[in-house]
Amino acid sequence: MKLLTWAFIIILCLPIFSSAQTVLKPRTSPLAIVTARYKNTYLKITYSQPQKNGREIFGKLVPYDQVWRTGANEATEITITNDILVNGTALKTGTYSFFTIPGKEKWIIIFNSDLGLWGSYNYNPKIDVLRFDVPVKSIPDNIIYDPFTIRIDQKTDTAELFLLWDNIQISFPIKFNEPNP
């Protein structure tokens with residue numbers, strides 16, 4: 001009888017102990033991946049998508065003239081499996097952190113060799129691999145992007161990489177190199 005009583009007590013107390021587990025909630029800025037491929041060259045961008053949620057984005061949430069992780073959470077990373085041309089400049093095979101410096105009229109695009117960063121807090125400009133300016137454009141047709149979105153529009157060996165959020169778009173060309181025979 002004692003054994004049965006103890007078993008009953010344990011069964012009654014089990015829900016109390018199991019409720020101590022932590023429930024993982026989904027990230028408010030979910031992980032996103034965008035890819036492109038041309039022959040033997042593969043390009044992958046891993047980033048987190050913050051949401052507009054009615055907020056004023058550029059100049060407020062994302063300050064002008066300051067380094068931005070180009071997304072949320074961890075710094076955005078770009079991996080390429082063969083050399084490519086980015087905005088007309090060679091970028092070697094590898095993985096890079098991808099930062100930007102948003103401005104009212106232009107953005108600075110940055111490929112940096114430091115990896116595994118949270119945000120842009122430890123960004124070091126001394127290890128930038130590639131840096132260039134691109135103009136800011138409004139998204140046509142009054143379209144508003146609620147989630148921050150990176151998109152690649154590919155046409156065979158060329159592509160256009162777009163950064164889209166709120167009513168702003170930034171873009172620059174990518175050219176995939178022909179593989180050596």
Side-chain angles (χ1 to χ4, degrees), residues 21-36 41-139 144-152 159-174:
Q21 295 176 350
T22 303
V23 175
L24 294 177
K25 295 180 182 176
R27 285 181 159 188
T28 55
S29 299
L31 185 66
I33 296 174
V34 63
T35 63
T41 303
Y42 179 68
L43 179 142
K44 177 176 77 171
I45 302 172
T46 306
Y47 69 106
S48 291
Q49 287 187 292
Q51 310 296 307
K52 179 175 170 49
N53 289 336
R55 300 177 290 183
E56 188 175 339
I57 301 301
F58 298 107
K60 294 286 183 180
L61 181 66
V62 177
Y64 287 128
D65 304 319
Q66 292 183 24
V67 174
W68 179 43
R69 68 187 100 193
T70 316
N73 305 324
E74 299 86 351
T76 295
E77 290 187 354
I78 295 181
T79 299
I80 52 173
T81 59
N82 285 306
D83 299 355
I84 61 173
L85 293 176
V86 176
N87 202 44
T89 303
L91 184 63
K92 298 279 185 198
T93 301
T95 300
Y96 303 94
S97 288
F98 180 62
F99 297 103
T100 51
I101 301 175
K104 289 181 183 178
E105 305 293 323
K106 68 174 182 162
W107 282 27
I108 299 170
I109 306 296
I110 303 166
F111 292 81
N112 185 281
S113 61
D114 202 0
L115 299 175
L117 298 175
W118 180 265
S120 57
Y121 304 108
N122 293 315
Y123 164 73
N124 181 353
K126 292 179 182 175
I127 53 177
D128 288 350
V129 174
L130 179 60
R131 181 186 265 248
F132 57 90
D133 297 347
V134 294
V136 173
K137 297 178 186 172
S138 293
I139 296 174
I144 302 292
Y145 277 79
D146 193 68
F148 170 67
T149 302
I150 298 177
R151 187 178 81 210
I152 301 172
E160 191 78 11
L161 191 147
F162 289 89
L163 307 177
L164 305 153
W165 202 13
D166 194 9
N167 62 347
I168 298 295
Q169 76 175 357
I170 308 301
S171 67
F172 55 89
I174 295 172

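None of the values given here were measured: they were computed from a predicted structure.
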Take a 6.0 Å sphere around CG of Asn53 and say whether it holds more than 12 heavy atoms from other residues, nucleotides or ligands.
yes

Assess whether atom NZ of Lys52 is packed by more than 12 heavy atoms of other residues, nucleotides or ligands within 6.0 Å.
yes

Closest approach of [X] to [Y] (non-hydrogen atoms, all atoms of both residues):
X: Ile108; Y: Arg131; answer: CG2-CG, 3.6 Å
X: Leu164; Y: Gln169; answer: CD2-CB, 3.4 Å
X: Gly119; Y: Ala75; answer: O-CB, 3.5 Å
X: Ile80; Y: Thr93; answer: O-CG2, 3.4 Å
X: Gln49; Y: Pro147; answer: NE2-CB, 4.0 Å
X: Ser171; Y: Glu160; answer: OG-OE2, 3.0 Å

Separation between [atom1] of [X] and [atom2] of [Y], rounded to the nearest 0.5 Å:
X: Thr81; Y: Lys44; atom1: OG1; atom2: NZ; answer: 11.0 Å
X: Ile168; Y: Ile139; atom1: CD1; atom2: CD1; answer: 7.5 Å
X: Ile78; Y: Ile150; atom1: CD1; atom2: CD1; answer: 7.0 Å
X: Thr79; Y: Ile33; atom1: OG1; atom2: CD1; answer: 9.5 Å
X: Asn73; Y: Ser29; atom1: CG; atom2: OG; answer: 5.5 Å
X: Thr89; Y: Phe172; atom1: OG1; atom2: CZ; answer: 11.5 Å

Is the backbone of [Y] close enough, under 3.5 Å, to the side chain of [X] for a donor and an acceptor to pair up by distance?
X: Ser97; Y: Asp114; answer: yes
X: Ser120; Y: Val67; answer: yes
X: Asp166; Y: Glu56; answer: no
X: Thr70; Y: Thr100; answer: yes

Heavy atoms, side chains only, cut-off 4.5 Å: are [X] and [Y] in contact?
X: Asp128; Y: Tyr123; answer: yes
X: Trp107; Y: Ile101; answer: no
X: Leu130; Y: Tyr96; answer: no
X: Phe58; Y: Lys104; answer: no
X: Leu43; Y: Ile174; answer: yes
X: Phe162; Y: Tyr145; answer: no
X: Val86; Y: Ile109; answer: no
X: Leu117; Y: Phe99; answer: yes

Would you please indicate if the ring centroids of Phe98 and Tyr47 are separated by under 6.0 Å?
no

